[in-house]
Structures are given as C-alpha cells and as structure tokens.
Amino acid sequence: MESKKKSSFGERFSKLLSKALKSKSVWEEKDEFLDVIYWIRQLVGIMLGLVWGILGFKGIFAILSFCLLNVIFVYVYCVSFQQIDEDEYGGMSEIIKEGFMTSFSSFLVFWIIIYSTLQAN
C-alpha cells in the first residue's frame with residue numbers, strides 16, 4: 001500500500017512538473033495551478049536570496065528589488081508563458097499574493113545567511 005502512495009505522489013509530481021514547464025498548459029483544477037505558482041515562487045525566493053547575499057545587496061534596495069522581481073516573474077509566467085485567464089483564479093491580485101509571504105521568508109533566510117557568511121568583516 002505504501003508503494004501505491006509513493007507512485008501516486010510521483011505520478012502527480014511529474015504530471016504537475018511537466019505541465020508547469022509546458023507553455024499554455026490546461027489546468028483542470030484551480031488548485032493545481034496555484035500549487036505550481038506557490039512552489040515556483042519558493043524557488044525564486046531561495047535563488048534571489050542566494051544571489052542577493054553573494055552580490056552583497058543591502059537594505060531597502062534588496063527588499064524592494066526582491067518584491068518587484070518576484071511579482072514580475074509570476075506575472076510574466078502566468079500571462080505570457082501559461083496564458084491563463086486570471087479571472088478564473090480570482091484576478092491577478094490573487095495569483096500575485098499566492099505564496100508571496102512564504103517566498104519572502106525564504107528569501108530573507110537565505111539572503112541573511114549568505115550575506116552574513118560572505119560579507120562579514
């Protein structure tokens with residue numbers, strides 16, 4: 001029975017990953033697309049935290065540039081790559097808010113750790 005659960009998770013994961021990487025995918029369930037947005041946003045937060053820490057960005061510039069790039073990335077992914085109808089998901093503001101604060105938290109953790117490690121005098 002455990003192998004059945006693992007295979008169904010693996011199948012679901014590979015299905016969602018292939019849909020996320022394929023342009024103009026059809027999303028049967030609203031939650032599937034929002035899950036993809038959530039996890040993409042987490043990866044973006046971690047990557048930007050690493051890059052900002054390595055580059056030594058500080059202060060309000062680092063935070064505002066993260067917010068701007070994060071929102072732009074999700075918007076472009078939804079509108080240009082997936083070409084979804086944002087009204088089906090409660091408008092673009094709902095999509096933009098999906099997973100933003102957890103992504104911001106991930107960004108802060110990685111940015112602070114990397115910056116403190118590499119830029120400490």
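Side chains are part of it too, since the values below use all heavy atoms of this structure and drop only hydrogens, waters and symmetry mates. Just so it is clear, the model here is predicted, and its values are computed rather than measured.
F110 and W52 fall into different hydrophobic clusters, where Ile, Leu, Val, Met, Phe, Trp and Tyr residues are linked whenever their side-chain heavy atoms come under 4.5 Å apart, directly or through other members. Put simply, I37 and I96 are part of the same group of oily side chains (I, L, V, M, F, W, Y) that touch within less than 4.5 Å, one to the next. Tracing side-chain contacts under 4.5 Å through hydrophobic residues (I, L, V, M, F, W, Y), one reaches V74 starting from Y89; they form part of the same cluster. By the criterion of side-chain heavy atoms lying less than 4.5 angstrom apart, applied directly or through intervening Ile, Leu, Val, Met, Phe, Trp or Tyr residues, F13 is not grouped with I40; the two fall into different hydrophobic clusters. When hydrophobic clusters are built by joining Ile, Leu, Val, Met, Phe, Trp and Tyr residues whose side-chain heavy atoms come closer than 4.5 Å, directly or via intermediates, V71 is grouped together with F73.
Side chain of Y77 to backbone of I72: no donor-acceptor contact under 3.5 angstrom is found. Without hydrogens or angle criteria, S18 side chain to K15 main chain gives a donor-acceptor distance under 3.5 Å. Between the side chain of E86 and the backbone N or O of E94, no donor-acceptor pair lies under 3.5 Å. Looking at K24, its side chain never comes within 3.5 Å of a backbone N or O of F81 through a donor-acceptor pair.
One distance of note links CG of L34 with CD of E98; it measures 4.5 Å at 0.5 Å rounding. Atoms OG and CH2, from S103 and W39 in turn, are 11.0 Å apart once rounded to the nearest 0.5 Å. Distance check: L118 CG to I113 CD1 gives 11.5 Å after rounding to the nearest 0.5 Å. Going from atom NZ of K19 over to atom OG of S14 covers 11.5 Å, rounded to the nearest 0.5 Å. A distance of 13.5 Å separates CG of D31 from OH of Y38, quoted to the nearest 0.5 Å. Rounded to the nearest 0.5 angstrom, L21 CG and L16 CG are separated by 10.5 Å.
Taking the side chain as every heavy atom from C-beta outward, C78 and F33 approach each other to under 4.5 Å. Side-chain contact check for I84 versus I95: some heavy-atom pair is nearer than 4.5 Å.
For the pair C67 and F100, the tightest heavy-atom approach, listed with the atom from each and the gap, is SG-CZ, 3.7 Å. Of all heavy-atom pairs between Q119 and L55, the closest is NE2-C, 4.4 Å. For the residue pair W111 and K58, the shortest heavy atom distance occurs at CZ2-CA, 4.0 Å.
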Exercise. So K30 and E88, salt bridge (charged side-chain N to carboxylate O under 4.0 Å, His left out) or not? Walk me through it.
Worked result: CA-CA 8 Å; K30 176 182 172 180; E88 290 181 25; over 6 Å; no

Problem set entry | S23 and Q82: CA distance, side-chain angles, deciding distance, side-chain contact (heavy atoms from CB on, under 4.5 Å) verdict | CA-CA 5 Å; S23 182; Q82 289 297 339; over 6 Å; no

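The aromatic rings of F57 and F61 lie perpendicular to each other, with more than 60° between the two planes, well past the 30° mark. Under the 30°/60° scheme for interplanar angles, the aromatic rings of F104 and F66 are found to be tilted.
In the displayed structure, W27 atom CH2 is contacted under 6.0 Å by more than 12 heavy atoms of other residues, nucleotides or ligands.
There is a side-chain donor-acceptor pair under 3.5 Å between Q42 and T102.
The salt bridge (Lys or Arg N to Asp or Glu O under 4.0 Å) analysis of residues 34-57, with sequence neighbours excluded, yields the pairs R12-D35.
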